[in-house]
*Asks:* 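Below is the structure I would like to discuss, written out as structure tokens.
Side chains are part of it too, since the values below use all heavy atoms of this structure and drop only hydrogens, waters and symmetry mates. Note that the structure is predicted; figures quoted are calculated from it, not measured. Chain letters run A, B, ... following the sequence lines, proteins first and then strands; every chain starts at 1.
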Protein chains: 2
Amino acid sequence: MSHTPGARQAQKLKTRQALLDAALVLLEEQSLSSLGLREVTRAVGVAPTAFYRHFRSTADLGVALVEEALGSLHPMIRTTVSPAGDSDERIARAVELIAGHVAAHPAHVRFVARERHGGVQPVREAIREELARFAEEVRAELAKDAESAGWSDADLRMLAGLYVDQMLITASLFLETLDAPEEERRLAARTAERQLRLISVGRRHWLD
Amino acid sequence: MSHTPGARQAQKLKTRQALLDAALVLLEEQSLSSLGLREVTRAVGVAPTAFYRHFRSTADLGVALVEEALGSLHPMIRTTVSPAGDSDERIARAVELIAGHVAAHPAHVRFVARERHGGVQPVREAIREELARFAEEVRAELAKDAESAGWSDADLRMLAGLYVDQMLITASLFLETLDAPEEERRLAARTAERQLRLISVGRRHWLD
DNA sequence: GTAGTCAGTGAACAACTGTGACCACAAACG
DNA sequence: CGTTTGTGGTCACAGTTGTTCACTGACTAC
């Protein structure tokens with residue numbers, strides 16, 4: 001029951017992480033609902049029954065993956081939406097940041113995009129909650145901005161949701177062009193910037 | 001080889017449709033990549049091997065489902081984007097049209113949303129192609145509008161993509177609120193309208 | 001130092017999967 | 001008419017799946 005600081009739990013966490021990593025690799029060409037528990041343990045090199053020491057089911061593992069994929073992303077939000085510098089430059093920086101994240105963690109991004117509407121209810125729910133949290137943070141950040149003066153709360157919430165959805169669309173777009181020629185990737189980035197810019201224009205003239 | 005007009009092919013098409021329908025039902029709580037061929041035939045009441053008379057694999061069936069779900073949607077595009085009537089009223093009509101379609105064909109919409117980023121490559125590809133066709137049609141329709149004077153082709157394409165993505169987001173939002181209280185559904189509709197309106201505002205002031 | 005905890009093992013199970021070869025029989029064609 | 005065609009059915013195969021149970025042995029706690 002106590003917080004055993006020994007090498008015992010360290011090893012356990014190591015296996016757990018190995019299971020998560022192996023699952024993420026396997027999920028690059030299938031959905032969570034078809035991921036077998038044995039498949040995962042085989043990839044790691046442990047007995048099938050060892051799986052139960054860490055997760056109740058593959059759905060449970062999926063929820064853990066959601067936390068791993070989205071939990072560490074919150075700090076990024078603030079710096080992205082924060083109103084520093086010129087608008088176009090800020091947009092370019094945000095798109096570049098997304099592109100970098102996708103390049104650094106492609107499997108995580110693919111997992112979230114895939115399972116957001118996937119076949120496993122608890123995982124869908126976990127993603128929905130996490131994205132709602134993102135939207136709330138974005139809303140709070142937008143509310144601070146002087147440009148949001150006179151905006152109703154519902155309108156702010158709407159805009160925040162638009163931004164979050166757009167962020168995911170952009171991420172999955174970059175994912176598709178990950179191993180495409182450099183030129184196509186630049187084109188995708190330009191399109192993403194244009195879309196964000198159009199939303200910004202709409203935001204600026206919302207109250208006209 | 002000839003076009004046998006007999007009752008032979010009629011029965012075959014009937015079985016094929018039964019397989020598609022059964023698959024669609026089964027796919028409401030799982031992804032295509034975990035859909036078993038036997039599972040489908042069992043639901044229809046035919047022998048497992050009969051499946052092969054109609055589809056090479058479940059992935060093949062998935063592609064057929066994409067055509068069924070999106071193929072008949074093209075006529076809807078023109079009437080939705082066409083510039084008739086007041087802007088706000090047009091938006092409200094478009095959102096209502098989407099809501100109606102989701103209510104009428106929830107399983108189809110769910111399938112597309114789920115498999116768009118799903119684990120079966122050929123199906124992803126089929127959806128991507130179909131959505132690209134939609135975007136092209138929207139672009140063509142937008143190009144006719146007087147409001148698009150002075151727009152570059154890339155900008156038109158960007159806006160068309162934004163509209164198509166937004167359409168899908170709205171559809172999947174309605175899907176989630178399908179069996180939710182009436183009030184929540186109205187709220188979702190209002191948010192969707194707001195988002196479309198913001199895009200419209202951005203479009204109007206794009207060249208400022 | 002000894003007792004207890006617990007991550008991981010190995011074997012066994014019933015149920016399931018995709019796919020093969022072969023057969024039945026009604027419709028289509030000459 | 002007889003012959004061909006082809007949908008669907010039957011039976012069987014080899015693999016795979018999730019889950020159970022009793023177990024081992026290294027670690028922790030007293």
*Asks:* Please state how far atom CG in B:Leu61 lies from atom P in C:dG18, giving the value in whole angstrom units.
*Replies:*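 Computing the B:Leu61:CG to C:dG18:P distance gives 12 Å.
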
*Asks:* Quantify the bending of the helix from C:dG1-D:dC30 to C:dG30-D:dC1 as the angle between its end axes, each fitted on five pairs, to 10°.
*Replies:*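 Rounded to the nearest 10 degrees, the bend comes out at 20°.
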
*Asks:* Thinking salt bridges, do A:Arg42 and A:Glu39 make one under a 4.0 Å N-O criterion?
*Replies:*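 No, this pair does not count.
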
*Asks:* For A:Glu141 and A:Arg78: C-alpha separation, side-chain torsions, deciding distance, then whether salt bridge (Lys or Arg N to Asp or Glu O under 4.0 Å) applies.
*Replies:* CA-CA 7 Å; A:Glu141 208 65 33; A:Arg78 193 145 294 141; 3.1 Å; yes

*Asks:* Test of understanding: with salt bridge (Lys or Arg N to Asp or Glu O under 4.0 Å), list the residues that count as partners of B:Asp145, not counting sequence neighbours.
*Replies:*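 B:Asp145: salt bridge (Lys or Arg N to Asp or Glu O under 4.0 Å) contacts with B:Arg203.
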
*Asks:* Does any residue of residues 48-60 of chain A have a heavy atom under 4.0 Å from DNA chain D, and if so, which ones, in number order?
*Replies:*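 Under 4.0 Å from DNA chain D: A:Thr49, A:Tyr52.
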
*Asks:* Would you kindly give the CG-to-P distance between B:Leu13 and C:dA27, to the nearest whole Å?
*Replies:*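 Atom-to-atom, B:Leu13 to C:dA27, this comes out as 16 Å.
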
*Asks:* When you check the gap from the basic side-chain N to the acidic O, do A:Arg186 and A:Glu183 get nearer than 4.0 Å?
*Replies:*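 The answer is no: the pair does not qualify as a salt bridge.
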
*Asks:* Calculate the interatomic distance between A:Arg8 atom CZ and D:dC27 atom C1'; express it in whole Å.
*Replies:*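 Taking CZ of A:Arg8 and C1' of D:dC27, I get 5 Å after rounding.
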
*Asks:* Does a salt bridge link B:Arg124 with B:Glu115, judged by any charged N lying under 4.0 Å from a carboxylate O?
*Replies:*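 Looking at B:Glu115 together with B:Arg124, the answer is no, because their closest N to O distance does not fall below 4.0 Å.
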
*Asks:* Is a side-chain N or O of A:Ser152 found less than 3.5 angstrom from the main chain of A:Asp155, in a donor-acceptor match?
*Replies:*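 A pair under 3.5 Å: yes.
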
*Asks:* What nucleotide among D:dG6, C:dC6, D:dT10 has an atom nearest to a side-chain atom of B:Ala47?
*Replies:*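 Nearest listed nucleotide: D:dT10.
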
*Asks:* Nearest whole angstrom, please: distance from the C1' of D:dG8 to the CD of B:Gln9.
*Replies:*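 The answer, rounded to whole Å, is 16 Å.
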
*Asks:* Identify whether the distance between the nearest side-chain nitrogen and carboxylate oxygen of B:Glu96 and B:Arg93 falls below 4.0 Å.
*Replies:*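 Salt bridge: no.
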
*Asks:* Could you give the side-chain donor-acceptor pairs of residues 14-24 of chain B under 3.5 Å, partners two or more places apart or in another chain?
*Replies:*
unit_1  : atom_1 : unit_2  : atom_2 : d
B:Thr15 : OG1    : B:Gln11 : O      : 2.9
B:Gln17 : NE2    : B:Asp21 : OD1    : 3.0
B:Gln17 : NE2    : B:Glu68 : OE1    : 3.2

*Asks:* Decide yes or no on side chain to side chain donor-acceptor pair (under 3.5 Å) for B:Ser34 and A:Ser33, but give the supporting numbers first.
*Replies:* CA-CA 6 Å; B:Ser34 68; A:Ser33 78; 2.9 Å; yes

*Asks:* Expressed in angstrom and rounded to an integer, what is the separation of B:Lys12 atom NZ from D:dT5 atom P?
*Replies:*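 Distance check: B:Lys12 NZ to D:dT5 P gives 15 Å.
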
*Asks:* Looking at B:Thr170 and B:Gln166, would you say the former's side chain and the latter's main chain have a donor-acceptor pair under 3.5 Å?
*Replies:*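 Flag set: sc B:Thr170 to bb B:Gln166 pair under 3.5 Å.
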
*Asks:* Excluding sequence neighbours, so at least two apart, what forms side chain to side chain contact (heavy atoms under 4.5 Å, CB included) with B:Ala47?
*Replies:*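 Testing B:Ala47 for side chain to side chain contact (heavy atoms under 4.5 Å, CB included), a comparison that skips the adjacent residues, returns B:Thr49.
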
*Asks:* Tell me which residues in residues 30-44 of chain A lie within less than 4.0 Å of DNA chain D, going by non-hydrogen atoms.
*Replies:*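 Output list: A:Gly36, A:Leu37, A:Arg38, A:Arg42.
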
